[in-house]
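Taking it in order: structure first as structure tokens, then the write-up.
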Amino acid sequence: MAAGRGEAAEACVGRVVLPGDVLLLPASPDEDGERLRLGGGAAPRGRLLCGPGLRRCGAGLLVTKCGLLRHRQAGGGGGAAGGAYWVDSQQKRYVPVKGDHVIGVVTAKAGDVFKLDVGGSEQASLSYLAFEGATKRNRPNVQVGDLIYGQFLVANKDMEPEMVCIDSSGRSSGMGIIGQDGFLFKVSLGLIRKLLAPKCEIIQELSQLYPFELVLGMNGRIWVKAKTVQQTLIIVNILEACEYMTAEQRKQALAKLSGN
């Protein structure tokens, strides 16, 4: 595609896009992703979300990463005007994205802020007030080396990433300090997206093998805890190997383990 010109985003779904490509969106003069709707008018059409690998521009969406263009329809059936577009790419370094749930390692305490290593180009900050029920007197017991599961509140190229461990209603919703036991390891970002799919066969098959706890971070980190160390290591090895195994090979490996 030539600079300044583009192709319809719907026609490019499933195809390889390159940095600099412009994806044109359907004309919708009353639709603005940055505008807040006030008042009780007609129900808004599906809001368009710009995901990783894309940036808003005057003509539509500007591609910033090489990969396959993906699209998800709006949950409420908003039609073509709604849903989300993103670029599915294989990259080694994680780039923080607002709203992503990640696993971070506390590296330092700086006054009222904790510094976390999230695998990006710079460390993220986490306020002690960003925990459920935290106050100036009731501070969370966070130590250097602890694992924190949270989401990005601020993430852009011009500012330091900022994490929180509460949702918009002030609830933890499963976020916070991860237990001391368990095993933390790193996998590719592509495998993480596959495991986070709504109906992931890998997770369903593993749950029939052993009972375990699992925390998945969009930054490629996984925390696993089973009843015994042996079961934990078996699950870790399966998760690391399943990226290069077919579904049939994975089922055969799980059948051997379940027979032992």
Side-chain angles (χ1 to χ4, degrees), residues 1-102 118-122 124 151-162 167-168 188-200 216-220:
M1 301 179 202
R5 301 182 61 183
E7 192 173 348
E10 294 180 355
C12 296
V13 174
R15 289 164 45 184
V16 176
V17 292
L18 300 175
D21 289 350
V22 177
L23 306 176
L24 303 178
L25 300 174
S28 50
D30 60 337
E31 187 73 23
D32 187 357
E34 303 298 331
R35 185 185 304 161
L36 294 178
R37 292 181 174 272
L38 303 178
R45 294 184 296 176
R47 180 180 178 181
L48 178 65
L49 299 179
C50 180
L54 298 173
R55 187 189 305 166
R56 290 185 181 273
C57 64
L61 301 177
L62 178 66
V63 180
T64 59
K65 288 196 301 186
C66 176
L68 296 175
L69 181 66
R70 303 294 188 187
H71 177 243
R72 184 183 66 237
Q73 293 289 344
Y85 285 97
W86 74 95
V87 177
D88 190 1
S89 62
Q90 293 289 345
Q91 62 184 46
K92 294 185 178 180
R93 170 172 285 182
Y94 172 73
V95 179
V97 177
K98 181 180 179 181
D100 275 4
H101 289 75
V102 298
V118 294
S121 59
E122 61 179 329
Q151 66 176 343
F152 283 113
L153 182 65
V154 175
N156 58 60
K157 62 179 182 178
D158 301 318
M159 298 179 63
E160 178 187 49
E162 181 180 347
D167 56 16
S168 58
S188 68
L189 302 181
L191 178 59
I192 284 292
R193 288 192 289 267
K194 185 186 299 183
L195 295 174
L196 286 172
K199 295 181 180 180
C200 178
L216 302 172
M218 283 295 295
N219 55 343

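It should be emphasised that the depicted structure is a prediction, and the values quoted were computed from it without experimental measurement. Position 1 is the first residue of the sequence, and the numbers go up from there.
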Polar side-chain atom of T64 near backbone of P19 as donor-acceptor pair, under 3.5 Å: no

Heavy-atom donor-acceptor pair, N219 side chain to V118 backbone, under 3.5 Å: yes

Under the side chain to side chain donor-acceptor pair (under 3.5 Å) test, residues paired with D88 that sit two or more places apart: R193

Set of side chain to side chain donor-acceptor pair (under 3.5 Å) partners for S188, sequence neighbours left out: E243

Heavy-atom pair of closest approach, residues [X] and [Y]:
X	Y	answer
V22	C57	CG1-SG, 4.3 Å
C66	S89	O-CB, 3.0 Å
L25	A9	CD2-CB, 4.1 Å
G220	L189	N-CD2, 3.7 Å

Distance from [X] atom [atom1] to [Y] atom [atom2], nearest 0.5 Å?
X	Y	atom1	atom2	value
H71	L49	NE2	CG	9.5 Å
L54	K65	CG	NZ	9.0 Å
H101	L216	NE2	CG	12.0 Å
E10	L69	CD	CG	10.5 Å
M218	Q151	CE	CD	12.5 Å

What residues, two or more places apart in sequence or in another chain, satisfy side chain to side chain contact (heavy atoms under 4.5 Å, CB included) together with [X]?
X	value
V97	P52, D100
L153	E162, V164
R93	S121

D21: which of L61, L62, V63 passes side-chain contact (heavy atoms from CB on, under 4.5 Å): V63

Test salt bridge (charged side-chain N to carboxylate O under 4.0 Å, His left out) applied to E160 - qualifying residues, sequence neighbours left out: K115

